[in-house]
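Read through the structure below, which is laid out as structure tokens, and then see the notes.
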There are 2 protein chains.
Amino acid sequence: MRKTVQKQVILSTVLASCDHPDAETICERARAVIPSISLGTVYRNLAQLAADGKLKRISIPDSGDRFDKNVEEHAHFHCLGCGKVIDVNLNFEQMDSCKEFLTEKMGVTLTKITVVMQGYCSDCAKGE
Amino acid sequence: MRKTVQKQVILSTVLASCDHPDAETICERARAVIPSISLGTVYRNLAQLAADGKLKRISIPDSGDRFDKNVEEHAHFHCLGCGKVIDVNLNFEQMDSCKEFLTEKMGVTLTKITVVMQGYCSDCAKGE
DNA sequence: GGCTTATTGATAACGATTATCAGTAACATT
DNA sequence: AATGTTACTGATAATCGTTATCAATAAGCC
């Protein structure tokens, strides 16, 4: 993995983001530093940085992927109104019996667990 | 909602499926009964039936949606090797404190919870 | 400095899903 | 049973997020 200005800017952009930006938003923010950076480069580096464990890719049902500086195992809430994503402190140890069953009884190797709660935040209460 | 042969066949196809088929697979199976049925019709009816609570749409990260006759709240395991999806008996009550925090403290209205565990099943042990 | 090759920017391709639209069929009303 | 209304169909185009392609560039080793 080669160290490039683009990669450094993309990583620091995510690290500086307190929301959970998608690739396009990250691209826009990175363009404040490197105006010529292309969306393809952003996607490429995000994938590489996620594979390298430097950031986390979050899959949101019926929506584009988001990126998170918090690489710890945690859950998310996604507002179907405004689209914002917030961290949720779910105790994943509560899932241990379930994970143990899969790994020990079923012979499964777990690599990724996705927990996304969706609905409407207080600002977007459905029907308003 | 009008009762059509297509809708009935699509629903009974899903109800008869013990795997978790995607729209294209459901379309192929439905074509055994109605050879002329189109993929668009399958998608349209699956969306309608899911909205009506007659079946469940499952979002799988980095993969197409699957459909499930089990409409109860439950989790899934998705094998990154062979692509199969199986039901996982996760006790969602273990998440109650988390859900309560969102609904009571944050004022959130929850409509959908996605829990997907991904990895490799015993037949697809990674690296083989 | 020169060489190798990973990376870039631009653009095309992709796959899953949704939208469009003219023709058809479901079903309520006579 | 014929009629009218309109939801639904099949075919196809369009969309969206993402990945692949490719010639040009630049990182990092010798």
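Within every chain, numbering begins at 1; the chains are lettered A, B, ... in the order of the sequence lines, protein sequences first and strands thereafter.
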Between protein and nucleic acid, restricted to nucleotides 1-4 of chain D and to nitrogen or oxygen atoms under 3.5 Å apart, what atom pairs and distances do you find?
none

**Partner set under side chain to side chain contact (heavy atoms under 4.5 Å, CB included) for B:Glu28, not counting sequence neighbours** = B:Glu24

Under 3.5 Å, which donor-acceptor pairs do the side chains of residues 52-61 of chain A form with other protein atoms, sequence neighbours left out?
{"residue": "A:Asp52", "atom": "OD2", "partner": "A:Lys54", "partner atom": "NZ", "Å": "2.2"}
{"residue": "A:Arg57", "atom": "NE", "partner": "A:Asp65", "partner atom": "OD2", "Å": "2.8"}

**Partner residues of B:His20 under the ring-ring contact (aromatic ring centres under 6.0 Å, His included) criterion, sequence neighbours left out** = B:His76

**Request:** Provide, to the nearest angstrom, the distance between the CD1 atom belonging to A:Ile58 and the P atom belonging to D:dT18.
**Result:** 12 Å

**Prompt:** Taking only residues two or more places apart in sequence or in another chain, which ones pass side chain to side chain contact (heavy atoms under 4.5 Å, CB included) with B:Arg44?
**Reply:** B:Thr41

**Request:** Sugar-phosphate means primed atoms, P, OP1 and OP2; the rest is base. With that split, encode nucleotides 2-20 of chain C 5' to 3' as B, S or - using protein heavy atoms under 4.0 Å.
**Result:** ---BBSBBB-----SBB--

**Request:** Only counting residues at least two apart or in another chain, list the ones meeting side chain to side chain contact (heavy atoms under 4.5 Å, CB included) with B:Asp19.
**Result:** B:Ser17, B:Pro21, B:Arg29

**With sequence neighbours excluded, residues passing side chain to side chain contact (heavy atoms under 4.5 Å, CB included) with A:Cys82** = A:Cys79, A:Lys84, A:Cys121, A:Cys124

**Item:** Summary of salt bridge (charged side-chain N to carboxylate O under 4.0 Å, His left out) pairs that have at least one residue in residues 102-117 of chain A, sequence neighbours excluded
**Value:** A:Lys112-B:Asp62

**Request:** Can you pull out how bent the helix from C:dG1-D:dC30 to C:dT30-D:dA1 is, comparing the axes over its first five and last five pairs, to 10°?
**Result:** 30°

**Request:** Any pair with a residue in residues 73-83 of chain B that passes salt bridge (charged side-chain N to carboxylate O under 4.0 Å, His left out), sequence neighbours left out, goes on the list, sorted by first then second residue, please.
**Result:** B:Glu73-B:Lys99

**Prompt:** Are the side chains of A:Leu110 and B:Phe77 in touch, meaning some heavy atoms are under 4.5 Å apart?
**Reply:** yes

Would you give me the side-chain donor-acceptor pairs under 3.5 Å for residues 2-11 of chain A, sequence neighbours excluded?
{"residue": "A:Thr4", "atom": "OG1", "partner": "A:Lys7", "partner atom": "N", "Å": "3.1"}
{"residue": "A:Lys7", "atom": "NZ", "partner": "A:Arg2", "partner atom": "O", "Å": "2.9"}
{"residue": "A:Lys7", "atom": "NZ", "partner": "A:Gln48", "partner atom": "OE1", "Å": "2.5"}

